[in-house]
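Residue numbering restarts at 1 for every chain, and letters A, B, ... go by the order of the sequence lines. Only this structure's heavy atoms are used, side chains among them; waters, hydrogens and symmetry mates stay out.
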2 protein chains.
Amino acid sequence: MKKAAATRLHLLQQAFELIYRKGYQATSIDDILATTKVTKGAFYYHFKNKDEMGLAIINELLKPILASSFIEPLQANENPLDAIYNLMHGLLLENDFLKVEFGCPAANLTQEMTPWNTDFSSVLNELTQQWSELMTSVLEKGKQTGVIRKDVNAAQVTLFVMSGYWGVRNFGKLANSKAVYLPYLKELKSYLQSLT
Amino acid sequence: MKKAAATRLHLLQQAFELIYRKGYQATSIDDILATTKVTKGAFYYHFKNKDEMGLAIINELLKPILASSFIEPLQANENPLDAIYNLMHGLLLENDFLKVEFGCPAANLTQEMTPWNTDFSSVLNELTQQWSELMTSVLEKGKQTGVIRKDVNAAQVTLFVMSGYWGVRNFGKLANSKAVYLPYLKELKSYLQSLT
DNA sequence: TGTAAAAGAAACTAATTGGTATTTTTTATG
DNA sequence: CATAAAAAATACCAATTAGTTTCTTTTACA
């Protein structure tokens, strides 16, 4: 029972790729089968239905990837403001899992699925919650060590920074160019500087 | 030939409502016909196809509405930083055309359509371009009148602010609550303050 | 190696999709 | 009022959708 796991993973990965590109609803099961060369029988052996596969993608692929891209960089032991800046720089310019023309997969799914699928929303909410809590705690630590002003509201800054990230990915998508990321990062840097 | 214009408008308005809620691809023509009680013959008399209707929605409905919500408030003759803050406050908390649970219609369409429809992208790009240019010029004026530091990069600030707006709407959507808008606005205020 | 269970193939539904062709009803105007 | 054009209704179509059913092939492992 090893090959089975391989086809399952193959399905998840290719399906994610398609969904990241075109959106969840625009990606049909037949699309996925055509690109994976997997038959319908195999697909429905592995997944009860399309939504179960979608949730598996989020839980088994997206979660770990986002953890290493969004969470781990914040845990580097450096100045919190540098950590946040470096995180964003890495996400926007260096991460080659995230493509400028397709935006942020978590943001895409949030926007598409939230109005009508509560299962997707709640797991996406968990992801952002986790990211948010970590960033807030990192900022709090900065206040304690004195590199950040005491009157800064950490949770507020977190929301502000995360919003900017999600938003600028939409601009990158619209412009289909990483060029917009440079001025964004410059302004982020001076904003973060204003918190000292 | 007056009733015809009325059914056309009715189609556009109801279709916009559905698309704003569920997305463009998830809104079928049959959906639109069911809610408007218009027949297919009438629909295809007014529009060549679905995409032509979609573009008509953007050009004839969305553009004017966004102009009055996003453009006009910036033209008020006040301190540029106040103008921007008040604009955002109005958009997030007072504008009753924009619904928290559905996000920003322009951002939604950008995210959904950009990867595969260039017609939609280019008209959406125009919209954001227009907004962006105005905000930048307002900031420049603030630099001239001395209420904003000379070393502030206006275009950079514009991108930063607009990104935050788009992003926070996604958070509001995910949380399905305007509650996130309050801390966002507080941080926006202190960020804008840091530009003086 | 034999065999039961896991995995996959193939052919199928029933519903929905965007769109068309044809006919009927309204409407403006000479 | 007559009538031609505009507007709307009706019935249809081929393609695609998610999902089922039935059957065959692999696979792990006793």
Dump the pairs, protein N or O against N or O of nucleotides 14-18 of chain D, anything under 3.5 Å, distances to one decimal.
unit_1	atom_1	unit_2	atom_2	d
D/dT17	OP1	A/Ser28	OG	3.3
D/dA18	OP1	A/Lys50	NZ	3.2
D/dA18	OP2	A/Ile29	N	2.9
D/dA18	N7	A/Lys40	NZ	3.3

Report task. Output every pair passing side chain to side chain donor-acceptor pair (under 3.5 Å) with a member in residues 132-148 of chain A, not counting sequence neighbours, ordered by first then second residue. Result ->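 Matches after skipping sequence neighbours: A/Thr136-A/Thr158.
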Nearest whole angstrom, please: distance from the [atom2] of [N] to the [atom1] of [X].
{"X": "B/Phe47", "N": "D/dA6", "atom1": "CZ", "atom2": "C1'", "answer": "16 Å"}
{"X": "B/Phe43", "N": "C/dT17", "atom1": "CZ", "atom2": "P", "answer": "13 Å"}
{"X": "A/Leu33", "N": "D/dT20", "atom1": "CG", "atom2": "P", "answer": "14 Å"}
{"X": "B/Ile32", "N": "C/dT16", "atom1": "CD1", "atom2": "P", "answer": "16 Å"}
{"X": "A/Glu52", "N": "D/dG19", "atom1": "CD", "atom2": "C1'", "answer": "13 Å"}

Query - side chain to side chain contact (heavy atoms under 4.5 Å, CB included) between B/Gln75 and B/Val138, worked out - result: CA-CA 8 Å; B/Gln75 292 166 329; B/Val138 163; over 6 Å; no
Query raised in the report: Can you tell me how far OG of B/Ser122 sits from CG of B/Leu55, rounded to the nearest 0.5 angstrom?
Result: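 The OG atom of B/Ser122 is 8.0 Å from CG of B/Leu55, to the nearest 0.5 Å.
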Query raised in the report: Once you round to the nearest 0.5 Å, how far does NZ of A/Lys99 lie from CZ of A/Arg21?
Result: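 Going from NZ on A/Lys99 over to CZ on A/Arg21, the span is 8.0 Å.
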Requested in this report: Starting from the C-alpha separation in whole Å, work towards a yes-or-no answer on side chain to side chain contact (heavy atoms under 4.5 Å, CB included) for B/Tyr20 and B/Leu98.
Outcome: CA-CA 9 Å; B/Tyr20 184 25; B/Leu98 303 166; 4.0 Å; yes
Query raised in the report: Do any side-chain nitrogens or oxygens of A/His46 fall under 4.0 Å of OP1 or OP2 in C/dG8?
Result: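 Looking at the OP1 and OP2 atoms of C/dG8, one of them is under 4.0 Å from a side-chain N or O of A/His46.
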Query raised in the report: side chain to side chain donor-acceptor pair (under 3.5 Å) between A/Asn95 and A/Ser69: does it pass, once the steps are laid out?
Result: CA-CA 8 Å; A/Asn95 191 312; A/Ser69 301; 3.1 Å; yes
